[in-house]
Amino acid sequence: MSNRPKELDSKVLTIQDLELEARKRLTDVVGGTTHPDCSLRDNELAYSRYKLRPRVLRDVDGVDASTTIFGTKVSFPFGFAPAAAHRLAHPDGELATSRAAAKNNIPMCLSSWSSSSIEEVIAQGGQNPYAMQISFFRDVSITKRIIERAEAAGYKALFVSVDLPVLGHRLNESRNNFAFPDHMRFPVLAESLEMGLDDTGSRVFDPSLRWDKTIPWLKQNTKLEIWLKRVCAPGDVQLAIDYKLNGVIISNHGGRQLDGVPATLDTLRACSPVAKGKIPLAIDGGIRCGADVFKAIALGAKMCFVGRIPVWGLAYNGERGVDLAIKIIKEEFLRTMMFTGCKALSDISEDHLVVLEPNGRLSRL
Ligand SMILES: Cc1cc2nc3c(=O)[nH]c(=O)nc-3n(C[C@H](O)[C@H](O)[C@H](O)COP(=O)(O)O)c2cc1C
């Protein structure tokens, strides 16, 4: 007799297992970063600096992790960040990712570099909300058409990537001579790719974005919620509030653009006091388990997004691999809530975290 829970998959019990299995199947280049990989490592390590501080005897019967995002109820504060070309990991690509997201009622943001179309991806979904990631092109009519298609298809929000004046120098892609396979299609970006993407993207991307020009343009050209992606400074959170944006995603692009910026969890902690009660903050970067989601919520995030995890899920087992990844994280998150004495997300606070000081003392935040 055993009282062990029945595992969802005999080989993959955690996201670390999933990454290992995925790496056997993926080229090393997928998910690569800019030299010397500090931000990717820091994003992950930041979570281990905070320890959980459980409280007891808090009736957690009927624990509920549900929340809302883009005006829609979702099952827990976890969703998919935009990541290019899911078909590099599995032939079903973003369609499989979307089906798994819908099945688990979590939000998904589609990359402009998607290898499936805006319309097909949302058509796989149910009641879960979709966001569209956009970049600004020198020919702004390309950006405008992507927005129009996303609106017409029923997307609820735009994630505006504001860290793309040029492409990051991804050394591992250069070293491995990476190129997208000839059969790979980018239906969202077909037009801009015809302009020809050079080594820095500088022919294509518009490096002249400004708060007082770009944000008014966006507001004139869309009714969708506007969330800024890759905000790393409290001053920019304040500007997002001043410009009445709908939300901010604390992100460093998973280390793929500018390396050497702080871990996103540390940035979140610096930005939360500015945002509190004024604008919702989401976070991405380095989230690898349910306890990480808990820590980000405790430090002020409303929602956690992940970029690499769905790619690993796809590489492991297509839609079922992505579904497995969501279920692992959700189960871990619910357990963390119960073990720490939290029945609803509103119960989670900084009070549930401590930091181990170098002198061996545990400090409250
Ligand atoms: C393979 C890959 C492709 C990505 N493509 C995009 C993209 O097209 N647009 C974008 O805004 N961010 C992109 N990102 C960044 C993610 O949206 C997200 O910020 C990052 O992956 C979060 O870190 P994590 O992978 O540790 O979860 C990509 C990330 C990866 C790993």
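None of the values given here were measured: they were computed from a predicted structure. When a ligand or atom number is given, it counts from 1 through the structure's own listing order.
Atoms of ligand 1 lying under 4.0 Å from at least one heavy atom of Gly307, given by number and element, are 21 (O), 24 (P), 25 (O), 27 (O). When each atom of ligand 1 is checked for a heavy atom of Lys229 under 4.0 Å away, the hits are 10 (C), 11 (O), 12 (N), 15 (C), 16 (C), 17 (O), 19 (O). Close contacts between ligand 1 and Gly286 involve ligand atoms 24 (P), 26 (O) [criterion: under 4.0 Å to a heavy atom]. Close approach to Ser251 involves these atoms of ligand 1, each under 4.0 Å from a residue heavy atom: 19 (O). Near Ser161, with a cut-off below 4.0 Å to any heavy atom, the atoms of ligand 1 are 10 (C), 11 (O). Atoms of ligand 1 found under 4.0 Å from any heavy atom of Ser111 (numbered from 1 in listed order, with element): 7 (C), 8 (O).
The aromatic rings of Phe159 and Phe305 sit perpendicular to each other, their planes meeting at more than 60°, with 30° as the lower class boundary. Ring geometry for Phe180 against Phe178 counts as perpendicular: the plane angle is over 60°, on a 0 to 90° scale with 30° as the lower cut.
Residue Lys295 holds its NZ atom at 6.5 Å from NZ of Lys51, rounded to the nearest 0.5 Å.
Selection from Gln133, Arg256, His86 by nearest heavy atom to atom 30 (C) of ligand 1 gives Arg256.
Contact record, Val311 with Gly307: CG2-O, 3.6 Å, taken as the closest heavy-atom pair.
Remark: distances from the non-hydrogen atoms of Arg230 to ligand 1 are all 4.0 Å or more. Under a 4.0 angstrom heavy-atom cut-off, Ile287 registers as lying outside contact with ligand 1.
Residue-to-ligand polar distances keep Leu40 apart from ligand 1: every N/O pair is separated by 3.5 Å or more. Some N or O of Pro82 is nearer than 3.5 Å to an N or O of ligand 1, by distance alone. Where the criterion is an N or O separation shorter than 3.5 Å, residue side chain and backbone included, His253 meets it with respect to ligand 1.
Between the side chains of Glu120 and Ser117, at least one donor N or O sits under 3.5 Å from an acceptor N or O. A side-chain donor-acceptor contact under 3.5 Å links Asp284 and Ser251.
Of the candidates Glu44, Glu332, Glu19, Glu44 is the only one forming a side-chain hydrogen bond (donor to acceptor under 3.5 Å, both in side chains) with Arg288. Of the options Trp227, Tyr130, Tyr155, a ring pair (Phe, Tyr, Trp, His ring centres under 6.0 Å) to Phe70 is made by Trp227 and by none of the others.
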